[in-house]
Amino acid sequence: MTPRPKPLPRSFYLDSPEIVARNLLGKLITRTLNGERLTGRITEIEAYLGLNDPASHSFIGKTARNAVLFGPPGFSYVYFIYGMHYCLNFSCGPAGEPDGVLIRSLQPVEGLATMARLRGLSGPINPKLLCSGPGRLCQAMGITLAENNLDVTRAKSPLCVLDDGFRPASIKATPRIGISKAVDLPLRFVATLD
DNA sequence: AAGCGGATCGTCT
DNA sequence: GACGATCCGCTTG
């Protein structure tokens, strides 16, 4: 029997990004948009190791864009890339340590019809095409720069991460996608749900 | 089935 | 003024 979904506390995000990333697999992200709840379960995530990681946005030091990563853990870091897409991250590690995790894929749970509409898809819904990919999941959940720097530990936040007791069947680690530095580190984590 | 390039703009040099 | 933690559609084989 699955407990009622409960927001993950700030302490959850205090660990190293590798640990936080692994532990976030199988957790729920709920986006409240115009009074409707859009929910997905995290199936793919990457860890970015801040000042120690040339692939991290924070590697170059603090700027206006990456400032959230330098703040306390458990906040959303949203950025715009390639002139087309938004990507969703969560800050982790203690304040001052600019680590983060990039959400790469969700299994849609709630609000599939709205997700399909936001994605511009028509016809029969293929759940696989809704939230698989960092740009896609932001489009499906209506996440833009307006959703940067939200506290995802608060139940009433428009963006919140919940634990419903689900645990992934298995987890594998692979190199990260789409980066040009530190390409070999196994910091991408993919869950098998079941 | 896999590879190419276009779209499109915020962010930093 | 260049480029990117991407996606999609069109091409080719």
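A, B, ... follow the sequence lines: proteins, then strands. Residue 1 opens every chain.
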K.L.:
For the OG1 atom of A:T32 and the CG atom of A:L38, what is their distance to the nearest 0.5 Å?
P.N.:
8.0 Å
K.L.:
For A:H85 and A:L145, take the nucleotide of DNA chain B holding the closest heavy atom to each; which residue's nucleotide lies nearer the 5' end?
P.N.:
A:H85
K.L.:
OP1 or OP2 of C:dA5 versus the side-chain N and O atoms of A:H57: is any pair under 4.0 Å?
P.N.:
yes
K.L.:
Output the single nucleotide from B:dC9, C:dC8, C:dT6 whose closest atom is nearest the side chain of A:F80.
P.N.:
B:dC9
K.L.:
Counting side-chain heavy atoms from CB outward, which of B:dC12, C:dA5, C:dC7 is closest to A:A64?
P.N.:
B:dC12
K.L.:
For A:M141, run the side-chain contact (heavy atoms from CB on, under 4.5 Å) check against A:L118, A:L106, A:L88 and tell me which one passes.
P.N.:
A:L106
K.L.:
Check the distance between B:dT11's P and A:R65's CZ and give it to me in whole angstrom.
P.N.:
7 Å
K.L.:
Measure from the side chain of A:I179, starting at C-beta and using heavy atoms only, and say which of C:dC7, B:dC12, C:dA5 lies closest.
P.N.:
C:dA5
K.L.:
Find which nucleotide of DNA chain C each of A:G178 and A:L129 is nearest to by heavy atoms, and output the residue with the more 5' nucleotide.
P.N.:
A:G178
K.L.:
Side chain of A:Y79, base of C:dA5: donor and acceptor closer than 3.5 Å?
P.N.:
yes
K.L.:
Could you tell me which nucleotide pairs with B:dT8 by Watson-Crick or G-U wobble geometry, both distances under 3.5 Å, or answer none if nothing does?
P.N.:
none
K.L.:
Could you give the CD1-to-C1' distance, from A:I60 to C:dC3, as a whole number of Å?
P.N.:
13 Å
K.L.:
If you look at every strand shown and take non-hydrogen atoms under 4.0 Å, does A:R176 touch a base, only sugar-phosphate, or nothing?
P.N.:
nothing
K.L.:
Among B:dA7, C:dA5, B:dC12, which is the nearest nucleotide to the side chain of A:L102?
P.N.:
C:dA5
K.L.:
Using a cut-off of less than 4.0 Å, is there contact between a side-chain N or O of A:R136 and OP1 or OP2 of C:dC8?
P.N.:
yes
K.L.:
Would you kindly give the CG-to-P distance between A:L121 and C:dC7, to the nearest whole Å?
P.N.:
13 Å
K.L.:
Atom CE of A:M84 and atom C1' of B:dT11: how far apart are they, to the nearest Å?
P.N.:
18 Å
K.L.:
What about the rings of A:Y79 and A:Y77, do their centers lie closer together than 6.0 Å?
P.N.:
yes
K.L.:
Test of understanding: clusters of I, L, V, M, F, W, Y form through side-chain heavy atoms closer than 4.5 Å, transitively. Do A:L150 and A:L69 belong to the same one?
P.N.:
no
K.L.:
From the set C:dA5, B:dC9, C:dC8, return the single nucleotide nearest to any side-chain atom of A:Y48.
P.N.:
C:dA5
K.L.:
Indicate, with a heavy-atom threshold strictly under 4.0 Å, whether A:R119 touches base, sugar-phosphate, or nothing.
P.N.:
sugar-phosphate
K.L.:
For A:R188, does its backbone N or O pair with a side-chain atom of A:R176 as donor and acceptor, under 3.5 Å?
P.N.:
no
K.L.:
Measure the distance from CG on A:N126 to C1' on C:dC8 and round it to the nearest whole Å.
P.N.:
15 Å
